[in-house]
Chemist: 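Sharing a structure below in structure tokens format, with a few things to ask.
In this chain, residues are counted from 1 in sequence order.
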Amino acid sequence: MDRQTFTKIGYIALQSNKQYLLFLFMVVVCGFFAIGQEGKITPLNIKADRDSIIAPLFPPSAIRDSIANDSLAADSLNQKPPLLLDKITYKAKDYVKLSQKENKIYLYNEAEIYYQDTELKAGIIIMDYIKNEVYAGRMVDSLGNYTQLPYFKQGSNIVIPDSIRFNFDTQKALIWNSRTEQQAAAGALGSDAMKVYAEITKKENDSVYFLSEAKLTTSTDTINPDYYIRVRKAKFVPKKKVIAGFSNLYIADVPTPIAMPFAYFPLSVGRSAGVLMPAFGNDPDAGYFLQDMGYYVPLGDYADITLTGDFYTNGSYAFRTASIYTKRYKYRGNVNLRFENIVNSQKGFSDYSLSRNYNIQFSHTQDTKASPNSRFSASVNLGSSDYYQNSLQQRNLPNTQNNTLSSSISYSKTFPNYPSVNMSMTATHSQLTSVATDDDDDDNINMTLPTFQASVERIYPFVKRDGIKKGIIDNINFQYSVNAQNRLTTNDEDFFTSKMFDNARVGASHSIPVATNFKVAKFFSVSVGGNYEDVWTLETYNQSYDEDLDEVVRDTISGFDRYNTYNFSASIGTTLYGTFNFGEDKKIQAIRHTMRPSLSYGYAPSFEQFYDEYLGEDGVEVQYSRFTGTINGAPSLGKSNSLSFSLANTLEAKVKDKDSTKLEPKKVSLLSNFNISTGYNFVSDSLRLNPLSINGGTSILDNKMSINFSAGLDPYAIDNNGTRIDTWNIDNGGSLFRLTRANANVSYSISSDMFGKKDDKGRKEDEEELDPFDYVAQSGGRDDDLFGRADDFNSNPIRKDDKNADVENPVYGTKIPWNVRVAYSANYSNTARQNEFSSHSLMFSGDIELAPRWSVGGSSGYDFKNQGFTLTQLRFQRDLKSFTMRFNWTPFGTYKRWYFFIGIDSSILKDLKWENRSQN
């Protein structure tokens, strides 16, 4: 073999992976021998004859032509990129083993792999870096329990299976006993999230999974859920939907008759349009019904609308719309419109009747930072006065006891440049619901459409705007304000018709107060001022006596008219402190009494120039003002010259703290306020001393009990007709003062939390962040449950936090959570010796948890005046983890009825429910 031939063979061997060892062997041989022309082998250290022919260089094309071309290797599309180990991050607690023979990496105990957007954690991980596949599984501890289940996350999708096999190239996976959680809405957590469990899952790509023997539930326990929907085969698109074949509901692993040949479960994150499933039942008066059947529609990113309706077989029906809108840092609000067509009995019967009720609710709040110089707010609750009493759906029991519907819509604007001006436009509404049920012709609705107010900030003419004000002159100030109203009264029959404006009254009032203040003898504050008022009206009233009709005739005179008034006032006051020290070693170390006496004087002349006269019955002259009956009334006829006195008192105590580590005593309020006021009229010929008015209030028992009271004491006696006479009551055989009225209100709340031990931060051990018995009143209702709790099964007002749902207290029998609320109210009247209570009632409510998942509550009261119980409601609730069962019962009275409900708490499957109810 000559040199040229050997070189050629070497080049060919170099290009061939299969002959790589042969080529190395030849290189070693050539290192010791040289091949001559005659074929003899000669050592390299032996001098040989030089060849006369020099071999040419080996052409690259010959090498390329000598190797068989692989068509697949030449195709760039079929080239498989290798898995780059330097781009993979992996670790394990016990060991990491790299096997070059098997081309695998073994990770054991708390193994983790991170590659691009894929994250995998498990007890055992085996990665094949040639096939680009990874396998993950659980570990078995010494007791035979499985631990460290695989945690697979790709993008935002999370799967927790028993084991998984995943290919990095195809992105496909085969998953055994997978568990995943799909949120029902943005921010939904806990029981509001759908859990998907499947025995075998095949991941086709990032957005499609195929499930076999799957369970869908909102229970926190996916291994042994208290309920689930069994799906034989399904297509699962994360955060979008589950499309399944035959599915049926299982409760405690027991199949139920609730089944579907195919099913569609939306899992969209955020809001999506959909049908609202109705509740069905039977009403003894209206027949069979479908209630709350409707449709939900999201309106962009900031609003939505819910359309629902009720349909009864006797012809009754109802429609409701509810819309919520919100924009962060801007505004939020809601609009509720309700209409009901109520048919009683059947046509042809004597008791047949048809009535229509409606209710409008609207609220709007604006963020204070959105527009500092302008603000719009609204709180509207108006409609038929008997809407809550006769509604087809008595969902809010407390509202049946509310006698007033009120509304307010206002817009205000501030012009900050000096002098600043504040302007506002307000529309108000007040409606008595109890009057309309007695007589629809009575005016029970008062409205202002609208009220315009404007005021200029106080101006100090004798000092700079930012200057220091000292003395009488510097503190002289004045301002201007205007109030204009369009006020009307109407009733339910004329409401929202043109007749409601028939008795509208329009007027305006302009006022300019001037005042100053200064100190006298350092401790007395003196205020002196006066006020000028100019009143405008668009109509006045002329009065005359008609002898034929034997009555006073009142004629309306249209046109602009006005009058003006003025008055003067002065006041002086101070603050006095009195402290009674008992010693620092006493439990009560000191008591401080604070008194704030004030003496005021007021004077206003008589404005008889705005009064006229007419001859009344028997020719007697009667004085009247054409402004009587206008929106701002008439000016005073007589002169006013009076002196008034008031005394405000507060009482506080310094009590030694029970905590010995605290050096400072604790301040306790004994009497929050105790006020006394009276007056003296200089121009009155008799009865110059005004009745003594007393009111006060305090909170005791660690602010758990609130006490408020008021009373009226009259020094003058009354005659047999109940009229005050110019005789002292003590001279008439009575006491120094005659009690004319009295009022007392006491409320008290107590719970088991008050008796729990406190931790280092002062928080009781048994105290929860959120009271499970908190009640949120709907529009028009109370902010407590003394009138009962709403029968609204769309919400769960006493649902516990999920974090405490599975807590079982082993000593629950000795620490039963409970709470009680009590309110007492009494009003006493004795102005004409009637000596009676106009109202006298005791209301109470409470809840008690008999067991960790059993809650019993009730609300009731007793009316001592009418000798009967007030609205009484009993409540029972059983927390069934994923389910809730509730029973509300009003055993007697006008609203006697019961409600029963059992259903899933999660908003995703809240239509899986059963409820039954009685109707009055």
Side-chain angles (χ1 to χ4, degrees), residues 276 278-295 306-322 335-362 380-405 431-442 444-445 490-497 778-781 787-788 790-794 871 873 888 890 893-899 915-920:
L276 302 177
F280 57 90
N282 181 29
D283 182 85
D285 297 326
Y288 293 96
F289 62 78
L290 290 175
Q291 290 185 345
D292 296 327
M293 181 172 61
Y295 197 77
T306 303
L307 306 173
T308 57
D310 306 335
F311 303 93
Y312 297 78
T313 53
N314 77 330
S316 300
Y317 60 87
F319 293 103
R320 292 178 295 276
T321 65
V335 181
N336 298 325
L337 306 176
R338 307 168 184 176
F339 173 80
E340 296 186 356
N341 185 83
I342 303 175
V343 178
N344 293 320
S345 185
Q346 300 290 333
K347 287 186 177 181
F349 288 87
S350 59
D351 58 346
Y352 171 80
S353 64
L354 174 65
S355 61
R356 293 181 174 87
N357 292 334
Y358 67 94
N359 180 257
I360 302 173
Q361 295 183 5
F362 168 56
V380 175
N381 185 18
L382 57 85
S384 302
S385 295
D386 55 354
Y387 174 82
Y388 289 112
Q389 287 75 13
N390 298 333
S391 175
L392 289 170
Q393 279 198 343
Q394 295 293 338
R395 290 216 163 182
N396 198 341
L397 189 64
N399 280 343
T400 62
Q401 306 301 298
N402 189 29
N403 296 326
T404 304
L405 302 179
Q431 182 174 353
L432 296 177
T433 60
S434 59
V435 176
T437 57
D438 299 332
D439 189 355
D440 289 339
D441 294 332
D442 293 339
N444 64 309
I445 301 175
T490 185
N491 52 48
D492 280 72
E493 183 179 357
D494 298 335
F495 199 29
F496 284 135
T497 65
Q778 297 183 6
S779 179
F787 282 168
D791 295 322
D792 187 0
F793 296 134
N794 289 328
L871 191 147
Q873 182 192 61
N888 291 358
T890 304
T894 305
Y895 302 99
K896 177 182 178 181
R897 58 188 177 179
W898 56 266
Y899 280 70
E915 58 180 303
N916 200 0
R917 68 191 75 185
S918 67
Q919 297 285 344
N920 54 347

Chemist: Do T321 and N336 have side chains that approach each other closer than 4.5 Å (heavy atoms only, starting at C-beta)?
Modeler: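 No - every pair of side-chain heavy atoms lies 4.5 Å or more apart.
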Chemist: With rounding to the nearest 0.5 Å, note down the distance linking CZ in R897 to OG1 in T890.
Modeler: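 Nearest 0.5 Å value for the CZ-OG1 distance: 5.5 Å.
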Chemist: According to ring-ring contact (aromatic ring centres under 6.0 Å, His included), who are the partners of Y352, at least two apart in sequence or on a separate chain?
Modeler: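 Counting only residues at least two positions away or on another chain, Y352 forms no ring-ring contact (aromatic ring centres under 6.0 Å, His included).
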Chemist: Could you go through the side-chain contact (heavy atoms from CB on, under 4.5 Å) check for N888 and Q873 one step at a time?
Modeler: CA-CA 7 Å; N888 291 358; Q873 182 192 61; 4.2 Å; yes
Chemist: Does the N359 side chain pair with the main chain of L382, one donor and one acceptor, at a distance under 3.5 Å?
Modeler: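 Present.
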Chemist: Can you list the residues that meet the side-chain hydrogen bond (donor to acceptor under 3.5 Å, both in side chains) rule with N314, with sequence neighbours excluded?
Modeler: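 Here the qualifying residues are S316.
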Chemist: So F339 and Y387, do their side chains get closer than 4.5 Å, heavy atoms only?
Modeler: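 No - every pair of side-chain heavy atoms lies 4.5 Å or more apart.
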Chemist: Grab the two heavy atoms, one from N381 and one from L405, that are nearest each other, plus how far apart they are.
Modeler: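 Distance-wise, the nearest heavy atoms are O-CB, 3.3 Å.
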Chemist: Do S353 and N344 have a side chain donor and acceptor closer than 3.5 Å?
Modeler: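 There is such a pair (donor and acceptor under 3.5 Å, judged by atom type) between the side chains of S353 and N344.
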Chemist: Using the side-chain hydrogen bond (donor to acceptor under 3.5 Å, both in side chains) criterion, which residues pair with T497? Sequence neighbours excluded.
Modeler: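 Residues passing side-chain hydrogen bond (donor to acceptor under 3.5 Å, both in side chains) with T497: none at all.
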Chemist: Excluding sequence neighbours, so at least two apart, what forms ring-ring contact (aromatic ring centres under 6.0 Å, His included) with F311?
Modeler: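 Partners of F311 under the ring-ring contact (aromatic ring centres under 6.0 Å, His included) test: F319.
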Chemist: At what distance, to the nearest 0.5 angstrom, does OG1 of T308 lie from CZ of R338?
Modeler: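 Answer for the OG1-CZ pair, T308 versus R338, is 9.0 Å.
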Chemist: Testing the basics here: between D310 and Y312, what is the closest heavy-atom pair and its distance to 0.1 Å?
Modeler: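 Smallest heavy-atom distance, with atoms named: CB-CE1, 3.8 Å.
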Chemist: Please report the interatomic distance CG(N357) to CD(E340), rounded to the nearest 0.5 Å.
Modeler: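 Between atom CG of N357 and atom CD of E340 there are 6.0 Å.
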Chemist: Is there a donor-acceptor contact under 3.5 Å from the side chain of T313 to the main chain of Y288?
Modeler: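 Yes, because the side chain of T313 sits within donor-acceptor range (under 3.5 Å) of the backbone of Y288.
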Chemist: Mind checking whether N341 and L354 have side chains closer than 4.5 Å, heavy atoms only?
Modeler: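 The answer is yes; the side chains approach within 4.5 Å.
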Chemist: Got a donor-acceptor contact below 3.5 angstrom from the S384 side chain to the Y358 backbone?
Modeler: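 Yes, the answer is positive, given that a donor and an acceptor are paired below the 3.5 Å cut-off.
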Chemist: Considering all heavy atoms of both residues, which atom of N444 and which atom of D492 are nearest to each other, and what is their separation?
Modeler: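 Closest pair (atom of N444, atom of D492, distance): ND2-OD1, 3.0 Å.
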Chemist: Using modelled atom types only, decide if a donor and an acceptor are shared between the side chain of Q431 and the backbone of T404 within a distance under 3.5 Å.
Modeler: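 Not confirmed, Q431 side chain does not pair with T404 backbone.
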Chemist: Output all residues satisfying side-chain contact (heavy atoms from CB on, under 4.5 Å) with S355, sequence neighbours left out; order by chain, then residue number.
Modeler: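 S355: side-chain contact (heavy atoms from CB on, under 4.5 Å) contacts with I342.
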Chemist: What distance do L337 atom CG and L307 atom CG have between them, rounded to the nearest 0.5 Å?
Modeler: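 Going from the CG atom of L337 to the CG atom of L307 covers 10.0 Å.
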